[in-house]
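All remarks here apply to the structure that follows.
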Amino acid sequence: MEVVPQRDSGHEPIPEHVAIIMDGNGRWASKRSLQRLRGHEQGAEAVREAVRGCGDLGIRYLTLFAFSSENWSRPVEEINHLMGLFRYFFNKEINALSEAGVKVNFIGNINRLPEDIQSLVEEIKLRTQHNSKLILTIALSYGSQSEIAGAMRQIAEKVEAGELAARDICEEVIARHLETADLPDPDLLIRTSGEKRLSNFLLWQCAYTEFVFLDTLWPDFRKDDLIAAVREYGSRNRRFGAV
Ligand code: FPP
């Protein structure tokens, strides 16, 4: 997977951090009378496209919602297939990602995943830790409310231990205890498939994020869709609550 940064792509403002809710794999498959699993397989191809596209456009951070904490309630066969896809994708792409200068991070309840995938996650993090061309964060078994609750628990423990005063708890302290502490907040969030919800993804971090909803089903997502979303982002007037 080759990532060639071309941040200077015209005069559009390029978002620093793009987050994507990859939705519509099942519908893509149903439209073709295929099993849902085939939709997820094509979805993995679209992930490659998104990573390459972000590299080409000079986007520094890409965060992908690959599996939510709520997705554990899907049929066991679908969960197993998705786990198989993650296994295959991580094994197959680890070299390419590493050589392309991509640093891969994970957020979510990784300890709920099968043990071999947990090991793969550790290996990918280790292999790519010194890269910096593109910071790819994969949300796996992730739920934003649970992430916020975890941060609150850590903060409460520090208060109990006398390491932190309750009056010092502020937005920055909370942000530093989230799993995304090392990432800037997303500038642009894209959701495919026409659904217009956040679905428990980066609730805290998206306070001032621009949302772009595309009708494209995730397996059909191509670089042109990314460019269209970035253009739409460029046309927005971001005021961050000011006038
Ligand atoms: C949502 O579509 C998609 C998912 C729950 C899985 C996302 C996974 C991939 C794109 C596979 C590969 C990912 C990586 C990181 C290798 P849906 O099944 O909810 O679609 P529907 O709403 O049409 O049913």
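For ligands, and for the atoms within them, numbers begin at 1 and follow the listed sequence.
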query = Of all the atoms in ligand 1, which lie at a distance below 4.0 Å from a heavy atom belonging to Gly26?
reply = 17 (P), 18 (O), 20 (O), 21 (P), 23 (O), 24 (O)
query = Which protein non-hydrogen atom lies closest to atom 1 (C) of ligand 1, naming both residue and atom, and how far is it?
reply = Met22 O, 3.2 Å
task = Before giving the answer on side-chain hydrogen bond (donor to acceptor under 3.5 Å, both in side chains), spell out for Ser68 and Asn71 the whole-Å C-alpha distance, their side-chain angles and the decisive distance to 0.1 Å.
result = CA-CA 5 Å; Ser68 73; Asn71 288 153; 3.3 Å; yes
task = Just say parallel, tilted or perpendicular for the rings of Phe221 and Trp218, cut-offs at 30° and 60°.
result = parallel
message = Under a 4.0 angstrom heavy-atom cut-off, which atoms of ligand 1 come close to Trp218?
response = 10 (C)
task = Kindly indicate, with the supporting measurements, whether the criterion side-chain contact (heavy atoms from CB on, under 4.5 Å) is fulfilled by Cys206 and Phe201.
result = CA-CA 9 Å; Cys206 283; Phe201 188 47; 5.9 Å; no
ask   = Looking at atom 11 (C) of ligand 1, what's its closest protein heavy atom, distance included?
value = His40 O, 3.8 Å
Closest protein heavy atom (residue, atom, distance) for atom 6 (C) of ligand 1 = Ala66 O, 3.4 Å
query = Does Arg112 use its side chain to pair, donor to acceptor, with the backbone of Ser141 at less than 3.5 Å?
reply = no
message = Starting from atom 24 (O) of ligand 1, what is the nearest protein heavy atom, named by residue and atom, and what distance separates them?
response = Arg36 NH1, 3.0 Å
key: Whether Glu41 lies under 4.0 Å from ligand 1, heavy atom   = no
inquiry  = When you measure from the side chain of Arg222 to the backbone of Glu49, do you find a donor-acceptor pair of N or O atoms at a distance under 3.5 Å?
reply    = no
task = Consider ligand 1: state whether an atom of it lies below 4.0 angstrom from any non-hydrogen atom of Gly24.
result = yes
task = Check the pair Leu178, Ile107 against side-chain contact (heavy atoms from CB on, under 4.5 Å), reporting the backbone distance first and the verdict last.
result = CA-CA 10 Å; Leu178 295 173; Ile107 53 172; over 6 Å; no
inquiry  = Side chains of Ile190 and Met22, heavy atoms from C-beta outward: is any pair under 4.5 Å?
reply    = no
task = Dump the intermediate steps for salt bridge (Lys or Arg N to Asp or Glu O under 4.0 Å) on Glu232 and Arg236, then the final yes or no.
result = CA-CA 7 Å; Glu232 168 67 30; Arg236 304 269 176 95; 2.8 Å; yes
message = Is it the case that ligand 1 has an N or O less than 3.5 angstrom from some N or O of Asp23?
response = yes
key: For atom 13 (C) of ligand 1, closest protein heavy-atom neighbour   = Phe86 CE2, 3.7 Å
inquiry  = What I want to know is whether Asn71 and ligand 1 share at least one N or O pair that is separated by under 3.5 angstrom.
reply    = no
request  = Over 60° means perpendicular and under 30° means parallel, so classify the ring planes of His17 and Tyr61, tilted if in between.
outcome  = tilted
request  = Starting from the C-alpha separation in whole Å, work towards a yes-or-no answer on side-chain contact (heavy atoms from CB on, under 4.5 Å) for Ser69 and Asn109.
outcome  = CA-CA 8 Å; Ser69 30; Asn109 251 316; 5.8 Å; no
key: Any N/O pair Arg74/ligand 1 closer than 3.5 Å   = yes
query = Which residue supplies the protein heavy atom nearest to atom 16 (C) of ligand 1, what is that atom called, and how far is it?
reply = Phe89 CG, 3.3 Å
key: Element-labelled atoms of ligand 1 that are located less than 4.0 Å from some non-hydrogen atom of Gly43   = 10 (C)
request  = Heavy-atom contacts with Arg27 under 4.0 Å: which atoms of ligand 1 show up? List them by number with element.
outcome  = 21 (P), 22 (O), 23 (O)
inquiry  = What protein heavy atom lies closest to atom 10 (C) of ligand 1? Include the residue and the distance to one decimal.
reply    = Asn25 ND2, 3.6 Å
